[in-house]
Number of protein chains: 2
Amino acid sequence: MKNKTTIHDIAKALSIDASTVSRALNNSPRVNQKTKDRILSKANELGYQRNLLASNLRKNKTNTIGVIVPRISRHFFSSVISGIEEAAYDAGYNVIICQSLEQLKRERDIVGTLLANRVAGVLLSVSMETNDYDHLLNMKNNGTPFLFFDRHCDIEGISSVLIDDVQGGFDATEHLILNGCKNIGHFSGPQKLSIYKNRLAGYIKALEKYKIPYRPELVLRSSLMEIDGTEGAKTLLSLPHKIDGLFSANDIAAIGAMKYFKNEGIRIPDEIAIVGFSNEPISEVIDPSLTTIDQPGFQIGQISTKLLLEEINKSSNLKKANKTILKSSLIERDSSRK
Amino acid sequence: MKNKTTIHDIAKALSIDASTVSRALNNSPRVNQKTKDRILSKANELGYQRNLLASNLRKNKTNTIGVIVPRISRHFFSSVISGIEEAAYDAGYNVIICQSLEQLKRERDIVGTLLANRVAGVLLSVSMETNDYDHLLNMKNNGTPFLFFDRHCDIEGISSVLIDDVQGGFDATEHLILNGCKNIGHFSGPQKLSIYKNRLAGYIKALEKYKIPYRPELVLRSSLMEIDGTEGAKTLLSLPHKIDGLFSANDIAAIGAMKYFKNEGIRIPDEIAIVGFSNEPISEVIDPSLTTIDQPGFQIGQISTKLLLEEINKSSNLKKANKTILKSSLIERDSSRK
DNA sequence: CTGTTAGCGCCTTCAC
DNA sequence: GTGAAGGCGCTAACAG
């Protein structure tokens with residue numbers, strides 16, 4: 001029952017040559033409109049279904065771009081994906097989405113499969129485990145254009161689209177300070193990832209600006225799970241100086257902390273003010289008065305895609321590594337009900 | 001710079017035939033281990049990268065399954081996708097994920113691209129706009145196995161993996177009744193989608209069981225946006241009989257309603273109790289005491305994939321349409337703090 | 001165990 | 001404007 005209609009079948013049915021059919025199907029200007037019409041209607045009649053495998057093989061290129069994210073369920077990434085899809089769709093490209101689940105092994109496998117499928121290019125945000133770049137260097141040598149977004153590696157000639165995390169961390173911390181906080185905790189993440197390193201740097205920079213001593217025991221590393229937030233909150237509360245502010249570099253941990261604080265009967269933000277760094281809508285929902293640092297996911301997706309498409313279409317190898325840095329914005333929500 | 005190494009290149013370098021190389025690369029038992037080793041190391045040395053386009057074309061099959069969901073950012077769907085990926089990965093299949101964004105046109109395009117790429121099979125949850133099945137019938141005639149999950153259409157010979165929504169709606173409503181609610185509002189969705197029709201049926205069934213008159217004005221259709229929730233909440237509050245309970249068939253609308261109620265100073269659940277039907281973690285977060293109907297997304301993904309793979313591997317055309325019905329569960333969260 | 005042969009379905013010169 | 005011919009990279013008979 002499998003569809004077997006090929007251009008030859010429809011050529012035979014019309015007593016013409018397959019090459020003409022091919023041209024017609026690709027809407028080549030060098031074919032008579034009448035024959036085009038006949039071909040199209042016959043193709044329809046026979047239930048012809050173009051075989052992209054063959055076409056792509058012959059042309060030695062595809063119009064598919066691969067996207068690798070740690071997890072599609074994270075709001076930031078799914079908003080980036082929306083941006084990617086929109087930009088890709090406009091340019092006539094398909095998108096195939098893959099998740100590394102924060103595992104290096106899976107990231108490697110995925111890169112392999114994408115290359116084997118001859119994708120036109122790849123957009124990726126590396127996993128937390130990615131400290132070995134062989135698979136990426138391999139992709140580079142292979143000649144497949146790719147681009148990092150949000151989480152990147154330093155590889156010569158490879159561009160990135162990033163957020164100004166130092167500034168974001170600074171803004172978050174400054175906001176807490178200006179609201180009277182003096183003992184500010186910080187939930188960070190793996191320092192291998194520059195986003196967490198940079199947010200921490202912003203945190204420290206703000207403390208310095210306001211002459212608040214930096215106390216390392218207030219900085220906790222998490223691995224982006226809710227449990228890290230609850231555990232972290234507990235740890236912070238056990239310190240001699242009680243904290244009055246918390247800057248979390250990711251929302252999931254912030255949520256864990258909020259739950260813990262609430263369970264302990266600690267009022268937010270009166271007793272402990274919190275700023276979360278992410279755009280999970282969840283943080284807005286948990287407490288509508290919560291201030292967050294918003295990341296422009298959709299925009300990142302669009303920009304990354306446009307840059308990637310430029311590289312794909314650029315036959316010249318003059319590509320210079322660009323870093324596009326976007327700004328996040330501090331969003332202070334309505335707190336009139338407080 | 002594009003990688004051009006083919007099996008012929010490596011065959012030539014070793015003065016053997018390409019077919020042997022092909023066999024070795026596919027780990028055929030009919031190749032001497034020594035030559036295998038030579039081939040593998042040479043392949044590595046030349047930076048050989050298998051071309052799946054050619055391989056798949058030749059074999060006339062791929063090991064890729066396509067997944068179409070309305071939106072990957074909805075938690076239910078991303079948990080289904082996790083389940084799909086796990087099961088597919090175990091069976092040596094790749095997954096390509098696509099979003100219809102609830103648009104029929106996009107759904108059609110996606111089906112077309114997947115077929116053109118000769119995916120081995122497709123798993124899909126239809127868009128809200130899907131009232132025309134041509135593209136699906138086309139896929140069926142084409143001989144590509146597919147399966148619905150969660151949102152399905154009645155197409156002969158096509159199986160579905162569903163949740164018992166009547167029961168879920170009944171459970172939700174009964175829970176409210178048993179907690180003393182007498183005027184229970186219901187946020188429903190497009191009645192084209194059987195999930196919403198069924199949840200409504202469950203709601204009515206529960207009312208009947210407890211001899212509570214069904215009042216149509218308490219049932220509001222939403223299109224799954226937060227704004228529908230706030231508007232709906234407003235509408236319900238404007239009715240002469242004040243509601244004391246709300247069963248929302250989707251969480252997004254429930255969230256909108258909760259925000260509205262909170263802004264109006266209405267205490268939840270004391271004045272209005274709410275049960276949300278979905279497993280967005282968001283509903284748990286907004287109010288840890290909230291009772292929800294939990295849907296087994298991960299499990300649905302796994303089961304769907306296994307069934308699809310069975311159909312793919314079944315050469316016989318004896319397939320009967322199966323409906324696998326899973327149960328959702330009512331989760332009453334800790335409300336000790338109240 | 002390994003080589004020979006013949007395509008998979010399509011596109012792209014090159015003729016006319 | 002259309003046809004003829006060749007090949008993209010790989011695999012699956014069929015031989016030996």
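In what follows, chains are A, B, ... by sequence order, proteins preceding strands, each numbered from 1. Keep in mind it's a predicted model, so treat the numbers as computed, not measured.
Taking 4.0 Å as the cut-off between side-chain N and carboxylate O, B/Arg74 and B/Glu102 do not count as a salt-bridged pair. A salt bridge is absent between B/Glu129 and B/Arg106: the closest approach of a Lys/Arg side-chain nitrogen to an acidic carboxylate oxygen does not fall below 4.0 angstrom. Using a 4.0 Å cut-off between a side-chain N of Lys or Arg and a carboxylate O of Asp or Glu, A/Asp9 and A/Lys4 do not qualify as a salt bridge.
Between A/Ser55 and C/dG9 there is no side-chain N or O to OP1 or OP2 distance below 4.0 Å. Considering only side-chain N and O atoms, B/Thr20 lies under 4.0 angstrom from the phosphate OP1 or OP2 of C/dG3.
Geometrically, A/Arg71 does not engage A/Phe76 in a cation-pi contact defined by less than 6.0 Å to the ring centre and at most 45° from the axis.
Comparing C/dG3, C/dC10, D/dC10 by their closest approach to the side chain of B/Ser19 singles out C/dG3. The listed nucleotides are D/dG3, C/dG3, C/dC10; the one nearest the side chain of B/Asp17 is C/dG3. Side-chain proximity of B/Thr6 to the nucleotides D/dC10, C/dC10, C/dT4 is greatest for D/dC10. Listed candidates were D/dG9, D/dC10, D/dT2. Nearest to the side chain of A/Thr35 is D/dT2. Of all nucleotides listed (C/dT2, D/dC10, C/dT12), C/dT12 comes nearest to the side chain of A/Ser22. Closest to the side chain of B/Asn51, from the set D/dA12, D/dG9, D/dG3, is D/dG9.
A straight line from CG of B/Leu14 to P of C/dT2 spans 11 Å, rounded to a whole angstrom. Atom NZ of B/Lys61 is separated from atom P of D/dC10 by 18 Å (rounded to the nearest Å). Taking atom CG on B/Asn56 and atom P on C/dC10, their separation rounds to 15 Å, with Å as the unit. Counting to the nearest Å, the P atom of D/dC8 and the CD1 atom of B/Ile7 are 12 Å from each other. Look at CZ on A/Arg118: it is 11 Å from C1' on D/dC10, rounded to the nearest Å. Protein atom CG of B/Asn60 is 20 Å distant from nucleotide atom P of D/dG9, rounded to whole Å. Rounded to whole Å, atom C1' of D/dG3 lies 10 Å from atom CD1 of A/Ile16. Across the protein-nucleic acid pair, B/Asn26 atom CG and D/dA13 atom P stand 14 Å apart, rounded to whole Å.
The shortest side-chain heavy-atom distance between A/Glu311 and A/Ser159 falls under the 4.5 Å cut-off.
Evaluation of atom-type donor-acceptor distances gives no pair under 3.5 Å for the side chain of A/Arg23 against the base of C/dT12.
Nearest-nucleotide positions on DNA chain C place B/Ser15 closer to the 5' end than the other of B/Ser15 and A/Leu25. Both B/Leu57 and B/Lys36 lie near DNA chain C, and the one whose nearest nucleotide falls closer to the 5' end is B/Lys36. Nearest-nucleotide assignment on DNA chain D puts the 5′-proximal partner with A/Ala18, out of B/Ala18 and A/Ala18.
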